[in-house]
Asks: 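Below is a structure I'd like to ask you about.
Please read these numbers as outputs of a predicted model, since none were measured by experiment.
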Amino acid sequence: MTKTVNDYIAGLSGVPADVAKRLHGALLATGALTDAVKWGHPIYEAGGAVCLLKGAKDYVTFGFWRGAEMLDLDARLEKGGGKGDMAYIRLRTTDDVDDAQVARLVARGIELNRLKGDPMKAA
């Protein structure tokens, strides 16, 4: 069982492992998030869940709990299925991880949590 985000990333291979390492570093560099493994993959929190990363065979999913309210920030954001507010970006190379853009997205996610509360507890 995966215990830490580093353990999770170490369990990935190939390009997704490199992308996840790069993304994890960019997320921690914001200085605003705490990380944990929940539901089998890393999540990042500040005033509630903000974002997640999840490795797949050929890419890393970079998802946001309130991503549907952030579509204007990044054209790569795709709304998740169902009625939720999730939206995600599929990162296929380390070049897809832009530290400044990660910081902008995280800042908006944190701001939305501050305004609306923890998305995991919202009705």
Asks: Can you find a pair of side-chain heavy atoms, one from His24 and one from Val5, that are under 4.5 Å apart?
Replies: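 Yes, their side chains come closer than 4.5 Å.
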
Asks: Applying a strict under-4.5 Å side-chain criterion to I, L, V, M, F, W and Y, I'd like to know whether Val50 and Val102 cluster together.
Replies: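 In one cluster: yes.
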
Asks: Which atom names give the shortest non-hydrogen contact between Asp58 and Pro16, and what distance separates them?
Replies: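 Shortest heavy-atom contact: C-CG, 4.0 Å.
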
Asks: Between atom CD1 of Ile110 and atom CZ of Arg66, what is the distance when rounded to the nearest 0.5 Å?
Replies: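 Atom-to-atom, Ile110:CD1 and Arg66:CZ are 12.5 Å apart.
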
Asks: Which heavy atom of Leu33 sits nearest a heavy atom of Cys51, and at what distance?
Replies: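 Closest approach of Leu33 to Cys51: CD1-SG, 4.5 Å.
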
Asks: Does any non-hydrogen side-chain atom of Val37 lie less than 4.5 Å from one of Thr4?
Replies: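 Result no, sub-4.5 Å side-chain heavy-atom pair not found.
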
Asks: Do Met86 and Tyr59 belong to the same hydrophobic cluster, where Ile, Leu, Val, Met, Phe, Trp and Tyr are linked whenever their side-chain heavy atoms lie under 4.5 Å apart, directly or via other members?
Replies: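 No; tracing contacts between hydrophobic side chains, which count when under 4.5 Å, never links both residues.
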
Asks: Hey, is the main chain of Ala36 close enough, under 3.5 Å, to the side chain of Tyr44 for a donor-acceptor pair?
Replies: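 The answer is no, because no donor-acceptor pair under 3.5 Å joins these two groups.
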
Asks: Taking NZ, NE, NH1 and NH2 as the nitrogens, is one of them in Arg108 or Asp74 under 4.0 Å from a carboxylate oxygen of the other?
Replies: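 Looking at Arg108 and Asp74, the cut-off is not met.
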
Asks: Are the side chain of Gln101 and the backbone N or O of Leu73 linked by a donor-acceptor pair below 3.5 Å?
Replies: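 Yes; at least one donor-acceptor contact below 3.5 Å.
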
Asks: So do the side chains of Leu105 and Phe64 get within less than 4.5 Å of each other, counting heavy atoms only?
Replies: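 Side-chain contact under 4.5 Å: yes.
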
Asks: Show your working on salt bridge (charged side-chain N to carboxylate O under 4.0 Å, His left out) between Lys79 and Asp85 and close with a plain yes or no.
Replies: CA-CA 7 Å; Lys79 212 166 151 3; Asp85 290 332; 5.2 Å; no

Asks: Quick one: do Lys54 and Trp39 satisfy side chain to side chain contact (heavy atoms under 4.5 Å, CB included)? Show the steps, please.
Replies: CA-CA 10 Å; Lys54 188 171 184 180; Trp39 308 292; over 6 Å; no

Asks: I'd like to know if the side chain of Arg76 and the backbone of Asp96 have a donor-acceptor N/O pair within less than 3.5 Å.
Replies: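 Such a contact is found between Arg76 side chain and Asp96 backbone.
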
Asks: In terms of hydrophobic clusters joined by side-chain contacts under 4.5 Å, are Tyr88 and Leu77 together?
Replies: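 No; tracing contacts between hydrophobic side chains, which count when under 4.5 Å, never links both residues.
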
Asks: Does Gly63 offer a backbone N or O that forms a donor-acceptor pair with the side chain of Thr61 under 3.5 Å?
Replies: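 Checking the backbone N and O of Gly63 against the side chain of Thr61, no donor-acceptor pair under 3.5 Å is found.
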
Asks: Should Ile43 and Trp65 count as side-chain neighbours, where that means a heavy-atom distance under 4.5 Å?
Replies: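 The answer is yes; the side chains approach within 4.5 Å.
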
Asks: Provide the closest heavy-atom pair for Ala87 versus Leu71 in the form atom of the first, atom of the second, distance.
Replies: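 What the structure gives for the nearest pair is CB-CD2, 4.1 Å.
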
Asks: Given Glu78 and Arg90, is the salt bridge (charged side-chain N to carboxylate O under 4.0 Å, His left out) satisfied, shown in steps?
Replies: CA-CA 9 Å; Glu78 299 177 43; Arg90 287 187 175 147; 5.2 Å; no

Asks: Between Asp35 and Leu27, is any pair of side-chain heavy atoms under 4.5 Å apart?
Replies: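 The answer is no; the side chains never approach within 4.5 Å.
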
Asks: Is there a side-chain contact between Leu53 and His41, using heavy atoms and a 4.5 Å cut-off?
Replies: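 No, too far: nothing below the 4.5 Å cut-off.
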
Asks: In the structure I gave you, are the side-chain heavy atoms of Met70 and Leu112 within less than 4.5 Å of one another anywhere?
Replies: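 Counting from C-beta outward, Met70 and Leu112 do come under 4.5 Å.
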
Asks: Hey, mind stepping through Asp99 and Thr30 against side chain to side chain contact (heavy atoms under 4.5 Å, CB included) and telling me if it holds?
Replies: CA-CA 9 Å; Asp99 290 15; Thr30 68; over 6 Å; no

Asks: Has Asn113 got a side-chain atom pairing as donor or acceptor with Ala46's backbone, closer than 3.5 angstrom?
Replies: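 At least one qualifying donor-acceptor pair exists.
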
Asks: Side chain to side chain contact (heavy atoms under 4.5 Å, CB included) for Leu23 and Leu91? Distances and angles first, verdict last.
Replies: CA-CA 9 Å; Leu23 179 58; Leu91 303 171; 3.8 Å; yes

Asks: Under a 4.0 Å threshold between the charged nitrogen and the carboxylate oxygen, would Lys116 count as salt-bridged to Glu111?
Replies: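 Salt bridge between Glu111 and Lys116, a charged N being under 4.0 Å from a carboxylate O: no.
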
